[in-house]
Protein chains: 2
Amino acid sequence: MLTERQLLILRLIVDNYVLSAEPVGSRTVSKQADLGLSAATIRNEMADLEEMGYLEQPHASAGRIPSQLGYRFYVDHLLLQGADLSVQEIDRVKSLFTERIGEMERVAQQTASFLSNLTQYTAVVLGPQVYDTTLKSLQLVPLNDRTAVVLVVTSTGQVHNRTVAVPEGLAIKDFERMFKVLDKKLSGIPVYRMRSRALEEITLELARHMNDFEEAMRVLDQALSWMGEDSEGKLYVGGTTNMLLQPEFQNVQKAKTVLAWLEHHQDVMDVLREDSSGARLQVRIGGENDVLTLRDCSLVTATYHVGGKPIGVVGILGPTRMDYARVIPLLDRISLGMTELFTKFYTN
Amino acid sequence: MLTERQLLILRLIVDNYVLSAEPVGSRTVSKQADLGLSAATIRNEMADLEEMGYLEQPHASAGRIPSQLGYRFYVDHLLLQGADLSVQEIDRVKSLFTERIGEMERVAQQTASFLSNLTQYTAVVLGPQVYDTTLKSLQLVPLNDRTAVVLVVTSTGQVHNRTVAVPEGLAIKDFERMFKVLDKKLSGIPVYRMRSRALEEITLELARHMNDFEEAMRVLDQALSWMGEDSEGKLYVGGTTNMLLQPEFQNVQKAKTVLAWLEHHQDVMDVLREDSSGARLQVRIGGENDVLTLRDCSLVTATYHVGGKPIGVVGILGPTRMDYARVIPLLDRISLGMTELFTKFYTN
DNA sequence: GTTAGCACTCATGACTTTGGAGTGCTAACA
DNA sequence: TGTTAGCACTCCAAAGTCATGAGTGCTAAC
């Protein structure tokens, strides 16, 4: 168990190191601590804290830096009391969500930009992914004799579209009729069942009315093939290059690893969806990340919800030496704002 | 005027430097040149080439590297003869475009990825932007009592959507009716006139039939406010981090400048649209770029067309020491492929 | 329990040395 | 007149040396 004094010292060291990125020496702590203690005393305490695993030394004659365990302790026990944003920041967060609703895409992208600007870290937003989505509208809009756009609108307002070429020898009129029928028949069914149901319906209803039935099936199938692709949600990244601001990423090789990882959206989304604890807010520090690439990073994420179900994630990626005291309450508020916005939006 | 021998030497130096990123010495050239010349002779020629401005020396006792003028000469005069891709590469390019057409978005994104993979540089694709686009379909799909999706389909198959909240005290049914009327009235008009025409029509036709007319106008205007935004085309970037592979960007500060620039899509698009020469293929070497950020970069771009009009740009961004001999024919073929694809697509 | 004092450690930056790659010039050669 | 061998010279880069200072751990005194 740590004494009150040790808690204070640990907190000071983390705070200082987060700010300066330089190992913190006993003198520095001694000067800042309110309790009038000499550097020597602090040194003793620091040695103890190191022994307990909360601190480490880059080399023998340097100051101390927080270990992974140290950050963990800081986040779990030293942050609770009264960490929150400034009034000004709270206002900015609020104004982010009071603007008119546009495309959902835009909200996610704007949030990512906002977060990265405010924090100087990299922000990731996993776009809203709604499971019990149903079909609102399925249409074919012909462009000319050979091509047409297939439109799918879901109950959550997401729009998917795909351009298809109508095969030779198949009248686009027939095709259009087919979609009209499908639209009526399928309206209201869950999106994930759409593809199979569509094929069923066609087989039942339309087979005899159309020649070139096989071809039509193929095109329809292709038009709906996006299902399960980005219906899983999309990723929005903001401030990628902020990573390069951090002194720990001044080494190009190191920076490249992380930046390249961020380019692989699928991998990033997988990580964001990982949910070890089930908590709304998650902090993954350094090696706590499963992905090797993130060994030197910390990832703070918060889920946002609709009707109690998590539908997306918003997160901040930065060096292990991250300003948790700012990032955590920020993400907390942002995710609440997103929850509010999307709830207003998706539920009637 | 350059002698045959000088041409050969210049070419060799560029080729070598492009490959190795190290200043090329006289010995290296002497060994590679077919003409059995000693290093001393080469040295004389190199001194002449330097005097003429085609080469420069990083410092007194180093080899030579091509100057900006040197690259320019190389691109303009030494590249013409028979530079082309390998059969294998040509096949890969072809297969890129023979796949089924999906969303246009996907084509652009895939092309960017493909190019960056193949070249190890950064690829940019300015998505198809069609000027004489007309309106195919304008619809309102209600999601519930308060929200709805506005859908716009253009003659080129682009789909724009925007979710709007229907203001209190306004029946969504009325709104729906309004869009039905608009769809009929506006179908076929150029997209850029849509917004104003829509407002006109409403004023004429619907004003008396609806209460809360003002409110409806406001929402409609907001729903169509994307016009002129991404109707200008979108930017797709591939292989951003490839920039970090280049030895000239091992300095994080330098790398950050370029990477951050790439994050500002609007700026990038502006540069891509700049068209000094009017040629289909453009090579901008180092300082030839107007943007200061690109002082140490070269940008090779090619436009793709539909019906003779340029509708988009595909480009490669890399260090000045770029493998022009590969990049130029590659972009040439790619842009032809895009032209073909989109022509097949947009014209009947 | 706290602190002053001191010897010790080690990264960092300035300076020097050394090796080697590459040049320019000169003189000899075809 | 063009080409080449030879040589002195330049200058970067890597390795080595050294002084500095920040910070520590330990001990002994308060």
Side-chain angles (χ1 to χ4, degrees), chain A residues 1-10 12-17 19-67 70 247-248 250-251, chain B residues 1-10 12-17 19-67 70 247-248 250-251:
Chain A
M1 201 45 211
L2 295 181
T3 69
E4 203 59 38
R5 210 164 70 180
Q6 286 172 325
L7 293 179
L8 178 62
I9 292 173
L10 179 53
L12 273 173
I13 290 176
V14 174
D15 284 342
N16 266 281
Y17 185 61
L19 208 69
S20 69
E22 309 256 300
V24 184
S26 52
R27 259 179 61 88
T28 317
V29 176
S30 151
K31 268 188 285 186
Q32 286 188 20
D34 294 347
L35 7 103
L37 290 179
S38 79
T41 314
I42 305 289
R43 274 204 289 282
N44 289 328
E45 297 286 29
M46 278 161 78
D48 288 349
L49 283 168
E50 180 168 6
E51 210 168 331
M52 286 185 273
Y54 295 119
L55 297 178
E56 45 194 40
Q57 256 180 320
H59 60 263
S61 74
R64 301 300 206 293
I65 64 176
S67 67
E248 26 273 276
Q250 287 312 297
N251 172 1
Chain B
M1 201 46 209
L2 294 181
T3 69
E4 202 60 38
R5 210 165 68 181
Q6 287 172 325
L7 294 179
L8 178 62
I9 293 173
L10 180 53
L12 273 172
I13 291 176
V14 175
D15 284 342
N16 266 280
Y17 185 60
L19 207 69
S20 68
E22 309 255 299
V24 185
S26 53
R27 261 178 59 86
T28 316
V29 177
S30 153
K31 269 188 286 184
Q32 287 189 19
D34 293 349
L35 5 104
L37 290 178
S38 80
T41 313
I42 305 288
R43 274 205 289 282
N44 289 328
E45 297 286 29
M46 278 162 75
D48 288 349
L49 283 169
E50 179 169 5
E51 210 169 328
M52 286 185 271
Y54 296 118
L55 296 179
E56 45 195 39
Q57 257 181 319
H59 62 262
S61 74
R64 301 299 207 292
I65 65 177
S67 68
E248 27 272 276
Q250 289 310 298
N251 171 0

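Below, chain A is the first sequence line, B the second, and so on; all start at residue 1. Note that the structure is a prediction, hence the values are computed from the model and not measured.
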Distance in angstrom units between [X] [atom1] and [N] [atom2], rounded:
{"X": "M46(B)", "N": "dG24(C)", "atom1": "CE", "atom2": "P", "answer": "8 Å"}
{"X": "Q57(A)", "N": "dC8(C)", "atom1": "CD", "atom2": "P", "answer": "18 Å"}
{"X": "R64(A)", "N": "dT9(C)", "atom1": "CZ", "atom2": "C1'", "answer": "13 Å"}
{"X": "R43(B)", "N": "dA8(D)", "atom1": "CZ", "atom2": "P", "answer": "15 Å"}
{"X": "L37(A)", "N": "dA4(C)", "atom1": "CG", "atom2": "C1'", "answer": "15 Å"}
{"X": "E50(B)", "N": "dC25(C)", "atom1": "CD", "atom2": "P", "answer": "11 Å"}
{"X": "E22(B)", "N": "dC12(D)", "atom1": "CD", "atom2": "P", "answer": "15 Å"}
{"X": "E56(B)", "N": "dT23(C)", "atom1": "CD", "atom2": "P", "answer": "15 Å"}

Starting at the 5' end of DNA chain D, which residue's closest nucleotide do you reach first, A39(B) or A47(A)?
-> A39(B)
Which residue lies more 5' along DNA chain D, comparing H59(B) with N44(B) via nearest heavy atoms | N44(B)
Can you check side-chain contact (heavy atoms from CB on, under 4.5 Å) on Y54(B) and I13(B), steps first, answer last?
-> CA-CA 10 Å; Y54(B) 296 118; I13(B) 291 176; over 6 Å; no
Looking only at heavy atoms, what is the nearest atom pair of S26(B) and M46(B), with distance?
-> CA-SD, 3.9 Å
Closest non-hydrogen atoms of M1(B) and Q6(B), given as atom of the first, atom of the second and distance, are O-OE1, 4.2 Å
Does a nitrogen or oxygen in the side chain of R27(A) sit under 4.0 Å from OP1 or OP2 of dT3(C)?
-> no
Which one of I9(A), V24(A), L10(A), V14(A) satisfies the side-chain contact (heavy atoms from CB on, under 4.5 Å) criterion with L55(A)?
-> L10(A)
Selection from [options] that lies nearest to any side-chain heavy atom of [X]:
{"X": "S26(A)", "options": "dG22(C), dT2(C), dT24(D)", "value": "dT24(D)"}
{"X": "S38(A)", "options": "dG24(C), dT9(C), dA4(C)", "value": "dA4(C)"}
{"X": "A40(A)", "options": "dT24(D), dT3(D), dA4(C)", "value": "dA4(C)"}
{"X": "A60(A)", "options": "dG24(C), dC10(C), dG25(D)", "value": "dC10(C)"}

Base dT9(C) to side chain S61(A), donor-acceptor N/O within 3.5 Å cut-off = yes
Given the rule that a pair is Watson-Crick or G-U wobble with both distances under 3.5 Å, how would you write DNA chain D in dot-bracket, using | for pairs to a different strand?
-> ||||||||||||||||||||||||||||||
For the pair R64(A) and L49(A), evaluate side-chain contact (heavy atoms from CB on, under 4.5 Å) and give the outcome as yes or no after the intermediate values.
-> CA-CA 10 Å; R64(A) 301 300 206 293; L49(A) 283 168; over 6 Å; no
Report the C-alpha separation of V29(A) and E45(A) in whole Å, then their side-chain angles, then the decisive distance to 0.1 Å, and conclude whether the side-chain contact (heavy atoms from CB on, under 4.5 Å) test is met.
-> CA-CA 11 Å; V29(A) 176; E45(A) 297 286 29; over 6 Å; no
Going by distance alone, is a donor N or O of one side chain under 3.5 Å from an acceptor N or O of the other, for Q32(B) and D15(B)?
-> no
